[in-house]
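Residue numbering restarts at 1 for every chain, and letters A, B, ... go by the order of the sequence lines.
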2 protein chains.
Amino acid sequence: MAKEEAPARDKDTAGSPARRASDRGRYGRLNRERVLASALELVDREGLSALSMRRLGAELGVEAMALYRYASSKDALLDGLVEALYLELEERLGAEPEALAGDPSDWRAELRRIARATYDVCLAHPQAVPLLATRMLAVPLAQRPNAVLRNHERLLALLRAAGFDETRASGIFRAFTAWLLGYVSVELQPMVDNPDEPDPAFRLGLHRLSPQELPTLRETAPSLAERGGPEGLADGLDALLDRFTRP
Amino acid sequence: MAKEEAPARDKDTAGSPARRASDRGRYGRLNRERVLASALELVDREGLSALSMRRLGAELGVEAMALYRYASSKDALLDGLVEALYLELEERLGAEPEALAGDPSDWRAELRRIARATYDVCLAHPQAVPLLATRMLAVPLAQRPNAVLRNHERLLALLRAAGFDETRASGIFRAFTAWLLGYVSVELQPMVDNPDEPDPAFRLGLHRLSPQELPTLRETAPSLAERGGPEGLADGLDALLDRFTRP
DNA sequence: TCTGTATGTATACATCGTAAATGTACGCTC
DNA sequence: GAGCGTACATTTACGATGTATACATACAGA
């Protein structure tokens, strides 16, 4: 039914179609990278709930079923989004793992750097953050996307190189992950009721909160809605590292 | 308010149907509490993805549409589950807020107690934990379920009573929430590939991990799969409180 | 006994994920 | 070039889901 705008305008114009590489008569337009990039962009733009196979297909000028060549199910597609986030993280961190190249005594700085880069990626894709706390953690370790596993490897290698034994390294790893994911989850959600409202109290919808039963929450809410920013992340991380690396 | 189950056992016992309280000719079988309890039980038993309106209806011996009297949409139902979790938390914490009754100097112990109780609730309903990191945080502050708001109020009142100003209290509140949610999210997910496998390495699916590219992860995985338990939670919390309450 | 309201059912529709069969255009060999 | 195999995309179809709407029923109070 040719919902296309570009293609095969005239099947036999003779003089005809002058194909560009990206336009070879509906053939080979897709690849996994494009699919995931488009999915992430859609999620960024309209939220996770807007992501359906049909919708993503339309976004790419393709039927929904075509996507199954590049992600074997919708769950796999979501895992792919997680992968995309971690690929973006790797890019920001630089290709080669610093852990192996750098000075082992800088492991704290390196952890901070990784945490900060993760924060930045999440800040760029706030709507996708829930995927980390749910999809990613729900998938058994060994089945997580490769980019995720590489990230795990990087962290663990860093810690082992710094001299921590397995048990120690695991503890630090878990604390790092918990704090990082918790922090971005709490920080990067709206909390705002009506974003277009100029008055902060109304923007937060505070008029819904009973002053009798929730007095403290009501008066603290505006301050609560502020962000700790990357500094808050780094502060907490330092505190946790102090504790979890104690003898 | 008469959402009771006690009443009107046998309108006219005559010979006939011997109605039990739970069986009055399909009328008045439901109430919000029962719906939410049943939903939570279903999630506990078969996971979040098993929760559909039809399925939950069947569980209660009722058509799907009947549920809409008690939750105006599926999203509202999920929010109801969050509420149910927080009600359970309140039960464990005791009815009256300790913050107002207790000694303000015990605020750290009280925070630990709340964290521990939350951990216990999550441990009892691991399949529902993702709801906290997603649904709960995604809902604008003022629209969160009442039990959640009461929990926020309790925490903030506790901190204000301990002498922290709004800004300070907010910072501690956010750190507390982030750590707590991150910790239970990381801790209470399976990580296991094939639960029935006796050998730990196979149970984790480690054979899928390339020894060349992921050596450290491979050797650390068994230790990673262990839990930090409530002690780990308390340790990290203490560390964060030290940091976020510094002058 | 009658009537209004609270409660649950019946029916219907749009949308979703996805299995299976079908077409279509390219790269290859001849 | 002609023809073929295969990678790619479409078509069609099915069952499940959330939910709007209209209806039926059972109880409570007059």
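Straight-line distance from the CG atom of B:Leu56 to the C1' atom of D:dT19: 15 Å, rounded to whole Å. The CG-P distance, from B:Asn31 to C:dA6, rounds to 16 Å in whole Å. One atom, CG of A:Leu77, and another, P of C:dT18, lie 10 Å apart when rounded to the nearest Å. Separating the CG atom of B:Leu67 from the C1' atom of D:dT19 is a distance of 12 Å, rounded to the nearest angstrom. For B:Met53 and C:dA12, the CE to P distance is 21 Å, given to the nearest whole Å. Here the P atom of nucleotide C:dT9 and the CD atom of B:Glu63 are 5 Å apart, to the nearest Å. In this structure, A:Leu30 places its CG atom 15 Å from C1' of C:dT24, rounding to the nearest Å. Across the protein-nucleic acid pair, A:Arg34 atom CZ and D:dC8 atom P stand 14 Å apart, rounded to whole Å.
Regarding contacts with the backbone of D:dT10, a side-chain N or O of A:Arg29 is found under 4.0 angstrom from either OP1 or OP2. Taking 4.0 angstrom as the limit, A:Tyr68 places none of its side-chain polar atoms (N or O) nearer than this to OP1 or OP2 of D:dT10.
In this structure, the nucleotide among D:dT19, D:dT10, C:dT9 sitting nearest to the side chain of A:Val62 is D:dT10. For A:Met65, the listed nucleotide lying nearest its side chain is D:dT10; candidates were D:dT10, D:dT17, C:dG17. Checking D:dT19, C:dG8, D:dA9 against every side-chain atom of B:Lys74, the shortest atom distance belongs to D:dT19. Nearest nucleotide to the side chain of A:Tyr70, out of C:dA12, D:dT10, D:dA9: D:dA9.
Under the 4.0 Å criterion applied to side-chain N and carboxylate O atoms, B:Arg135 and B:Asp75 are assigned as salt-bridge partners.
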Passes side-chain hydrogen bond (donor to acceptor under 3.5 Å, both in side chains), A:Thr216 versus B:Glu153? Steps please.
-> CA-CA 6 Å; A:Thr216 324; B:Glu153 172 72 20; 2.7 Å; yes

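A:Gln143 and B:Asp193 share a side-chain donor-acceptor pair at under 3.5 Å.
Put simply, the side chain of A:Arg69 and the base of D:dA9 share a donor and an acceptor less than 3.5 Å apart.
Atom CD of B:Glu197 is surrounded by more than 12 heavy atoms from other residues, nucleotides or ligands within 6.0 Å.
When atom types are taken as modelled, the side chain of A:Arg218 and the backbone of A:Gln212 share no donor-acceptor pair closer than 3.5 angstrom.
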